[in-house]
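The structure appears right after this line, and notes come after that.
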Amino acid sequence: SIVATFGLSVILQEGVRATYGAAPNRLLPPIEGTVLLFGIEYEIYRLFAAVASIVAIAGFFGFLHRTKFGTWMRAVRFDPETATAMGIPTRKIYLFTFAVGFAMAALGGVVAAPITTVDFQAGVDILPFCFMAVIIGGLGNLGGTVAAAVLLSFLEGVITSFADPTVARIASLCLMSAVLMFRPHGIFVGSTR
């Protein structure tokens, strides 16, 4: 499935490049202006993007823990054979889970587009960060992955404020390597399940 997903992403990327070209484009934020926050001028759209991300993640966790489909998704993830034996439509849940993941990724791309540039390889640069968040948070641990993503963002943001962004990414890789050596199942495994 990883190879098939990668192949599909290459087909989509090349289709966009053939249609719109390879030159990056810049989208203007729909909300303009700045606000003074803790003595720093901050773009209003960036604050909106942060709030939208928090609302989306909270809504997803609420859906996952408060609805029947969310319960089915968790059951299929933990034990697909038992879930099937209990009458849960496993194949439909797999499709539904993929659709929810796609929708969350699309929402993230739409919200982030005015902050970054848009080109045919949009999203490729974020893949290593996502991989590190999954490794640090624990494979299959959604809450741990979210916590690890916040931790990595904070770490890279602090380091970038006084050093090169490459140094910040190297620090994240060092953290991931340390987690793999000392806590190979992730630092948040068992704490957020």
Side-chain angles (χ1 to χ4, degrees), residues 2 5-6 9-10 12-13 16-17 22-58 60-61 101-102 104-193:
I2 292 173
T5 304
F6 179 74
S9 72
V10 170
L12 291 173
Q13 286 173 10
V16 169
R17 184 168 71 94
N25 294 315
R26 185 88 178 152
L27 296 178
L28 295 175
I31 304 169
E32 294 191 12
T34 60
V35 65
L36 190 64
L37 191 66
F38 303 115
I40 300 171
E41 288 286 329
Y42 216 75
E43 292 179 33
I44 294 173
Y45 184 76
R46 286 183 181 264
L47 294 174
F48 167 78
V51 170
S53 301
I54 291 169
V55 168
I57 291 171
F60 176 71
F61 274 99
F102 180 83
M104 292 286 282
L107 175 66
V110 167
V111 170
I115 297 172
T116 63
T117 57
V118 178
D119 65 354
F120 74 101
Q121 287 185 322
V124 172
D125 56 339
I126 197 73
L127 285 177
F129 182 87
C130 296
F131 177 73
M132 288 186 291
V134 169
I135 296 299
I136 292 170
L139 190 63
N141 184 357
L142 186 59
T145 301
V146 170
V150 171
L151 174 69
L152 284 174
S153 298
F154 180 76
L155 174 71
E156 288 193 7
V158 169
I159 294 173
T160 302
S161 66
F162 62 84
D164 191 69
T166 304
V167 174
R169 187 50 54 96
I170 291 170
S172 295
L173 286 168
C174 290
L175 176 62
M176 183 188 75
S177 299
V179 168
L180 283 173
M181 285 175 34
F182 300 110
R183 293 283 306 249
H185 296 293
I187 59 176
F188 295 108
V189 169
S191 59
T192 56
R193 281 196 180 197

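The structure displayed is predicted, hence computed values, not measured ones.
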Let me confirm one number: the [atom1]-[atom2] distance from [X] to [Y], rounded to the nearest 0.5 Å.
X	Y	atom1	atom2	answer
Ile44	Thr34	CD1	OG1	6.5 Å
Tyr42	Leu47	OH	CG	6.5 Å
Ile136	Asn141	CD1	CG	13.0 Å
Leu180	His185	CG	NE2	11.0 Å
Met132	Leu175	CE	CG	9.0 Å
Arg169	Thr160	CZ	OG1	9.0 Å

* Asked: Any side-chain heavy-atom pair from Val118 and Arg26 closer than 4.5 angstrom?
  ->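 Answer no - side chains too far apart.
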* Are the side chains of Leu173 and Met176 in touch, meaning some heavy atoms are under 4.5 Å apart? ->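 Yes, side chains in contact.
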Taking all atoms of both residues into account, what is the closest heavy-atom pair of [X] and [Y], and its distance?
X	Y	answer
Ala148	Ala133	CB-O, 3.4 Å
Ile31	Tyr45	O-CB, 3.5 Å
Pro24	Asp119	CA-CB, 3.9 Å
Gly138	Thr145	O-OG1, 3.9 Å
Pro114	Pro29	CB-CA, 3.7 Å
Ala56	Leu107	CB-CD2, 3.7 Å

